[in-house]
2 protein chains.
Amino acid sequence: MKISTKGRYGLTIMISLAKHYGEGPIPLRKIAAEYDLSEAYLEQLVGPLRNSGLVKSVRGAYGGYMLTRGPKEISAGDVIKVLEGPIQPVEGIEDEAQPQRELWIRIRDAVKNVLETTSIDDLANQKDDNNENYMFYI
Amino acid sequence: MKISTKGRYGLTIMISLAKHYGEGPIPLRKIAAEYDLSEAYLEQLVGPLRNSGLVKSVRGAYGGYMLTRGPKEISAGDVIKVLEGPIQPVEGIEDEAQPQRELWIRIRDAVKNVLETTSIDDLANQKDDNNENYMFYI
DNA sequence: TCCATTCCCGACAAATATGCTATACTATTT
DNA sequence: AAATAGTATAGCATATTTGTCGGGAATGGA
């Protein structure tokens, strides 16, 4: 049970955009350099973020990405959902009454609650530091 | 962010043992048949459970596995931790003050709380049914 | 107009994880 | 001794993860 770099880097992008909110488009090159990540990989991750409407892009020189809403209006769950898949299982959990059902629901709801009540703005205003490359195991 | 069959089948084993608690050793063959799972695969999963002291084995004819403690004294977290990896990240989260740090801690604590307050006995006394093979996405 | 910058798109690939199967044991009970 | 059952290890097909690479297309500035 883990959150992969996909979700983590995705949050990194969103947090960086939140920090520069209102400053116009921010290029991925800058974010990649700032956090020492692969720009090409970030490009892959930002695709879904754009398609889901969390960020918008400006092409060309001096282009980049920017949040479509204020950092307070975007939750960590919005980002994780797009990059790591749905928080709620697509099928099975509602109709199947397996013994573990109650446990999965409890866990899902607990995680959901945290993800939905934590905004990108909250995270952007944490103390900043470098971005380690380890996998986070829950 | 998902829980794989490893953790799910592991819980299935533990729940089955909880249901037959006090009846002596239960062979994996029986559990595998009851839930229509591969016995050989369950054998792989029960290894870590034995090594971590959650179950003990009795070899030979009429042998099998049994819980080392009462079902109320074993939490879902005990099982998940063994099969899916540590709930707490091994390194990094404490000393690295990355922006997401607070979020990971909040999620970890929320999940941890659910896993630790839900006992195997709780799950064994849920309404029983078959065990679907889908992946559970959080 | 040309060019550097930047987003956009799709293919590919190495590494790891998942979900098993198979084999060959060893230990214990009857 | 034979049957039952656990133990250990290896292999393997598939999927996912974590990227890389190459080529476009749009844009702004010189």
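Every chain is numbered from 1 and lettered A, B, ... according to where its sequence line falls, protein lines coming before strand lines.
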- Dump the intermediate steps for side-chain contact (heavy atoms from CB on, under 4.5 Å) on B/Ile120 and B/Tyr21, then the final yes or no. CA-CA 11 Å; B/Ile120 295 301; B/Tyr21 187 62; over 6 Å; no
- Query: Where do B/Leu11 and A/Leu103 land on the side-chain contact (heavy atoms from CB on, under 4.5 Å) test, with the steps shown first?
  - Reply: CA-CA 10 Å; B/Leu11 274 176; A/Leu103 178 65; 3.5 Å; yes
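In this entry the distance linking OH of B/Tyr41 with C1' of D/dT14 reads 13 Å, nearest Å. Atom pair A/Ile13:CD1 and D/dT18:C1' shows a separation of 14 Å (rounding to whole Å applied). Between the CG atom of B/Leu37 and the C1' atom of C/dT18 there is a distance of 15 Å, given to the nearest Å. Nucleotide C/dG19 holds its P atom 13 Å from the CG atom of B/Leu42, rounded to whole Å. Atom pair B/Leu45:CG and C/dT21:P shows a separation of 12 Å (rounding to whole Å applied). Summarising the geometry, the separation between CG on B/Asp36 and C1' on C/dG19 is reported as 15 Å, rounded to the nearest angstrom.
The side-chain heavy atoms of B/Pro48 and B/Leu83, taken from C-beta on, include a pair separated by under 4.5 Å. Using a 4.5 Å heavy-atom cutoff, the side chains of B/Leu37 and B/Ile31 are not in contact.
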Kindly give the atom pairs (protein nitrogen or oxygen, nucleotide nitrogen or oxygen) under 3.5 Å for nucleotides 13-16 of chain C.
none

Check the interface with nucleotides 6-10 of chain D: list each N/O to N/O pair with the protein under 3.5 Å, or write none.
from	atom 1	to	atom 2	distance (Å)
D/dG6	O3'	B/Ser57	OG	3.4
D/dT7	OP1	B/Arg50	NE	2.9
D/dT7	OP1	B/Ser57	OG	3.0
D/dT7	OP2	B/Arg50	NE	2.5
D/dT7	OP2	B/Arg50	NH2	3.2
D/dT7	OP2	B/Tyr65	OH	2.8

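For B/Ala110, the side chain to side chain contact (heavy atoms under 4.5 Å, CB included) test picks out A/Ala110, A/Val114, with sequence neighbours left out. The side-chain hydrogen bond (donor to acceptor under 3.5 Å, both in side chains) search around A/Lys72 returns A/Asp121, not counting sequence neighbours.
Heavy atoms from other residues, nucleotides or ligands lying under 6.0 Å from CZ of A/Arg69 number more than 12. Crowding of A/Asp36 atom CG: a count of heavy atoms from other residues, nucleotides or ligands under 6.0 Å not exceeding 12.
Grouping Ile, Leu, Val, Met, Phe, Trp and Tyr residues whose side-chain heavy atoms lie under 4.5 Å apart, directly or via other members, places B/Met66 in a hydrophobic cluster with B/Val58.
Where B/Lys6 and B/Ser38 each meet DNA chain C at their nearest nucleotide, the meeting point lying more 5' is that of B/Lys6.
For the helix from C/dT1-D/dA30 to C/dT30-D/dA1, the axis fitted to the five pairs at one end and the axis fitted to the five pairs at the other end meet at an angle of 10° (nearest 10 degrees).
Dashed line: the shortest gap from a side-chain N or O of A/Tyr9 to OP1 or OP2 of D/dG19 is under 4.0 Å. Put simply, B/Ser4 has no side-chain N or O that comes within less than 4.0 Å of OP1 or OP2 on C/dA17.
No salt bridge links B/Lys30 with B/Glu34; every basic N to acidic carboxylate O contact stays at or beyond 4.0 Å.
Checking each of B/Leu42, B/Ile13, B/Val46 against B/Tyr65 for a side chain to side chain contact (heavy atoms under 4.5 Å, CB included) leaves exactly one that passes, namely B/Val46.
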